[in-house]
Number of protein chains: 2
Amino acid sequence: MLLRLDPLSPTPVFEQLARQVKTLVAKGLLRPGDKLPSVRDLARDTAVNPNTILRTLELLERDHVIIRRQGSGCFVAPRTTDLSTPARKSQLTTLAAHLVTEAFHLGFDATDIRSAVNSTLDEIDFPKRKRSTS
Amino acid sequence: MLLRLDPLSPTPVFEQLARQVKTLVAKGLLRPGDKLPSVRDLARDTAVNPNTILRTLELLERDHVIIRRQGSGCFVAPRTTDLSTPARKSQLTTLAAHLVTEAFHLGFDATDIRSAVNSTLDEIDFPKRKRSTS
DNA sequence: TTAGGTGTTATAGATGACATAGGACAGTTG
DNA sequence: CAACTGTCCTATGTCATCTATAACACCTAA
């Protein structure tokens, strides 16, 4: 579990860690069922207080990325599909709007943005679609 | 200047306001050279302290969205192009990665993500490209 | 059953971000 | 000059973040 922290970043430690775990899952380097290191191990490896690790785990569970089981550990959750659709759609729209307006003010155009998204998508391990290798 | 605040949102007021101004500019509802309402007017309209408005303006100037001129007011800046390219590219990559991993964990696939980005792009007022109406 | 691992909860304190309040200063415009 | 603009400052209160420390609760395997 290579997790690195940027102490200068304005984003809180517990969020930096959560984001990195999410990325590992999205890239398929962590797969559903995989066990995460223990709270105390993560705390030691990242030189962070166990309570801060706990915040990370709470965040990850809230986002359905992991499942926590007292006594046994934390595990990567199975892929999510069954969330209320309108809320999800709205969140996606907000995320896309944020990317686009920020990129706009960085001076990029539509082509730049689309290509950046496509590059990132290439690294993601999406589950196979129905009727793939027909 | 219709600016609305969500008092329940975890994102700070000064950032909510900055984001809304950025969106107005990106959509072409505010154009380069346009004058923003005065600090005190904005403070009154949004029921926010003038110092908080000031934070918003500082943020917007840092991101090259506006130019502040003491005594005369704040104006929408001309479109940015001359920022050091490698840093910009890196920021774009980070933004795209954030969108994609969050969307992934919301259960969306590559097609969903691409179409959400395209929908947002349709609302943006990009400057004309060279040799357009030849 | 016991030992040692797991996650969980609680308390306390340091630090800094956020926002308000109120006042004062400085440049621009008519 | 008067009235507008942005700017700065100090003080205050609140909240988020992170640390430190300790104890508790659950699970699993020897």
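Just so we're on the same page: letters track the sequence lines, and every chain starts at 1. Keep in mind that this is a model prediction, so the values were computed, not measured.
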Pair B/K22-B/L60, side-chain contact (heavy atoms from CB on, under 4.5 Å): steps then yes or no: CA-CA 8 Å; B/K22 282 183 176 183; B/L60 288 172; 4.0 Å; yes
Kindly confirm or rule out a cation-pi arrangement of B/R79 over A/F104, judged by NZ or CZ under 6.0 Å from the six-membered ring centre and within 45° of its axis? yes
In this structure, how many angstroms lie between the P atom of D/dT5 and the CG atom of B/L42, rounded? 10 Å
Could you state the CG-C1' distance from B/L57 to D/dC8, rounded to the nearest angstrom? 14 Å
For B/L59 and D/dG6, give me the distance from atom CG to atom C1', rounded to whole Å. 17 Å
To the nearest Å, how far apart are B/F14 CZ and C/dA19 P? 6 Å
What's the CZ-P distance between A/R44 and C/dG7, to the nearest Å? 12 Å
B/R55 CZ to D/dC9 C1': how many Å, rounded? 14 Å
Does a side-chain N or O from B/R69 land closer than 4.0 Å to OP1 or OP2 of D/dG6, or not? no
What nucleic acid atoms does A/S38 come within less than 4.0 Å of, heavy atoms only: base, sugar-phosphate, or nothing? sugar-phosphate
Kindly compute the distance separating CG (A/L54) from CZ (A/R68), expressed to the nearest 0.5 Å. 6.0 Å
Spacing between A/K35 atom NZ and C/dG7 atom C1', to the nearest angstrom: 10 Å
Distance in angstrom units between A/Q16 CD and D/dA16 C1', rounded: 15 Å
Could you check A/R31 against A/V76 for side-chain contact (heavy atoms from CB on, under 4.5 Å), going step by step and ending with a plain yes or no? CA-CA 6 Å; A/R31 310 194 129 274; A/V76 177; over 6 Å; no
Between C/dA19, C/dG7, D/dC18, which nucleotide gets closest to the side-chain atoms of B/V13? C/dA19
B/R55 meets the side chain to side chain contact (heavy atoms under 4.5 Å, CB included) criterion, sequence neighbours left out, with B/F14, B/E58
State whether the number of non-hydrogen atoms from other residues, nucleotides or ligands found under 6.0 Å of A/K27 atom NZ is greater than 12. no
Result of checking B/L3, B/L42, B/L57 against B/L17 for side-chain contact (heavy atoms from CB on, under 4.5 Å): B/L3
Walking DNA chain D from its 5' end, the first of A/T11 and B/L54 to be reached, judged by nearest nucleotide, is B/L54
Winner on side-chain proximity to B/T52, out of C/dT6, C/dT20, C/dG7, is C/dT20
Using a 4.0 Å heavy-atom cut-off, write out nucleotides 21-26 of chain D from 5' to 3' as B (base contacted by protein), S (sugar-phosphate only) or - (no contact). B-B-SB
